[in-house]
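Throughout, a chain's letter reflects where its sequence line sits, starting with A, and its residues are numbered from 1. Below, each value reflects all heavy atoms present in this structure, side chains not excepted, and no hydrogens, waters or symmetry copies.
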There are 2 protein chains.
Amino acid sequence: MANPKSEILQQLKRDILTLVLKPGSILSETALSERFEISRTPLRDVLKQLELENYIDVYPKKGNLVSYIDLDSVEQIIYLRSTLEKELIKDLALQMPLKGTLELNRIVALQEQVMDRDDAHEAFLELDDAFHHTLFTLTGREFLWNLIQQCNVHYIRYRRLHLLKRDKLEALLQEHRRLLDCIEHRDLDSVDRLVMQHLRGDIHAKYLQENFAEYIQS
Amino acid sequence: MANPKSEILQQLKRDILTLVLKPGSILSETALSERFEISRTPLRDVLKQLELENYIDVYPKKGNLVSYIDLDSVEQIIYLRSTLEKELIKDLALQMPLKGTLELNRIVALQEQVMDRDDAHEAFLELDDAFHHTLFTLTGREFLWNLIQQCNVHYIRYRRLHLLKRDKLEALLQEHRRLLDCIEHRDLDSVDRLVMQHLRGDIHAKYLQENFAEYIQS
DNA sequence: TGCCGTCATCTTGTATACAAGAATGATTTA
DNA sequence: TAAATCATTCTTGTATACAAGATGACGGCA
């Protein structure tokens, strides 16, 4: 292991994003320092970063709580991503590097493959991320992708909960196919509608509030 | 003073953004702890935050340097902001709260007033920020504005250097007026072109590289 | 002269003792 | 019995001593 701090950071992030650590859970400095066999000082660095990326809320002299899902920021991130990605897709439709089409098709093909696996949801979510990430890398907007990741903790958990119940993997896959069609056939006019449908089509705050109220920010 | 840490953070941020602390300057923990009469531990918290918001680069066991201006991320932030803000303006054109028009007009009027002052640049930049900030608050996108602020250190310094030489305050003010016109007359078709001109019209990387090479990232 | 190794002294990174606010529960008092 | 107060024991916040990597200067040596 190269750097224990980044290992711990990655693990805590993963546990929070996958809801292994539920919103409201307490992350005590002393408990974590014993668990990871490291002193409180480097551990506080990790917690500081988790705080700045909204994974936890720090209540001075009281404790650190895993943040509750903030539906307002989820809505705004979806607005940001849909606005941005429909622009990216139009850019790609006008000037797409060859390897780009190959890469996106490869991802969609993989998504078809994992549909029947036991851990379909898990694998599908990862590939969905890969698809959108590729849109950013192909247009040279890696910086913006990283920026979005920095505030993505609410959206990622929201999507995970949302997908748990309503099985719409097939629909999402179909939408990816349609977006690829737009790029390959330079069909700029359909992009806006498709992106809106793909990213904003499934905002059902009420569903989450009814079924996962204990995870939601008041 | 409520919290010394946030005071120190704000002051260092301000010094870096206004180029009082030049890119490449060293921020030593011990020097700062003596200057602010505080121990290294809380000071490291401040430096950690500056690092995560790209104000400084940390070289382990060597030192902390004020970051150089990264022109690539400047370009991407401008892309992000122009894409986002032209959408916001269209939203406002379709449904503008009354107080919104008043507030934006008030800011533009203030900009006219400060044009002749000695510190015109300083005051104008602040009001320019206020204008764009208002676009976000009126549409309920405060979260996105804050997100952009988190990675704005390169863009803010870029714009400051850029405005130093080419005196285009009058042009910027005129563009604000035109954008307001679009909103008030629901002229959606002109928005894209105007926003592009306003935010992206003045990307002159070469000018900066020639005149401020010592501030630019290699 | 030129090169190499050692050491002194910077830097940040870590561990730990102590300070101080917050919460909980017990004890005392009305 | 109920309420209030105090003390205990959590929590994080701070100061500081020490560890360890990086750097540069100095001196020895070929």
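Checking dG13(D), dT12(C), dA22(D) against every side-chain atom of Lys62(B), the shortest atom distance belongs to dA22(D).
Remark: P of dG13(D) and NZ of Lys48(A) are 9 Å apart, rounded to the nearest angstrom. Here the P atom of nucleotide dT16(D) and the CD atom of Glu34(B) are 12 Å apart, to the nearest Å. For the pair Asn3(A) CG and dG13(C) P, the computed distance is 10 Å after rounding to whole Å. Atom CD in Glu29(A) sits about 14 Å away from atom P in dA15(C), given to the nearest Å. Spacing between atom OH of Tyr59(A) and atom C1' of dA23(C) amounts to 16 Å, rounded to whole angstrom units. A straight line from CG of Leu50(A) to P of dT12(D) spans 13 Å, rounded to a whole angstrom.
Between Lys5(A) and the phosphate of dT14(C), there is a side-chain N or O to OP1/OP2 separation shorter than 4.0 Å. In this model, the phosphate group of dT12(C) is approached by a side-chain N or O of Asn64(B) to a distance below 4.0 Å at OP1 or OP2.
Salt bridge Arg141(B)/Asp91(B): absent, no basic N to carboxylate O contact under 4.0 Å. Salt bridge status for Arg81(A) with Glu85(A): present, with a side-chain N to carboxylate O gap under 4.0 Å. Of the charged side-chain nitrogens involved, none lies within less than 4.0 Å of a carboxylate oxygen, so that Glu214(B) and Lys22(B) do not count as a salt-bridged pair. Between Glu87(B) and Lys86(A), at least one side-chain nitrogen of the basic residue sits less than 4.0 Å from a carboxylate oxygen of the acidic one, meeting the salt-bridge criterion.
When the options Leu17(A), Leu125(A), Leu19(A) are evaluated for a side-chain contact (heavy atoms from CB on, under 4.5 Å) with Ile156(A), the one that passes is Leu17(A). Residue Asn64(B) forms a side-chain contact (heavy atoms from CB on, under 4.5 Å) with just one option from Leu32(B), Ile26(B), Leu47(B), and that option is Leu47(B).
Within the 4.0 angstrom heavy-atom criterion, no nucleotide atom of any strand lies near Leu47(B).
Listed by chain and residue number, nothing satisfies the side-chain hydrogen bond (donor to acceptor under 3.5 Å, both in side chains) test with Asp15(A) (two or more places apart in sequence, or in another chain).
Note: His132(A) and His176(A) have perpendicular aromatic rings, judged against thresholds of 30 and 60 degrees for the angle between ring planes.
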Scan nucleotides 5-10 of chain C against the protein and return all N/O pairs shorter than 3.5 Å with their distances rounded to 0.1 Å.
none

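Contact check of residues 35-46 of chain B against DNA chain D (heavy atom, cut-off under 4.0 Å) returns Ile38(B), Ser39(B), Arg40(B), Thr41(B), Pro42(B).
Using a 3.5 Å distance cut-off with no hydrogens or angles, the side chains of Arg106(B) and Thr134(B) do not pair a donor with an acceptor.
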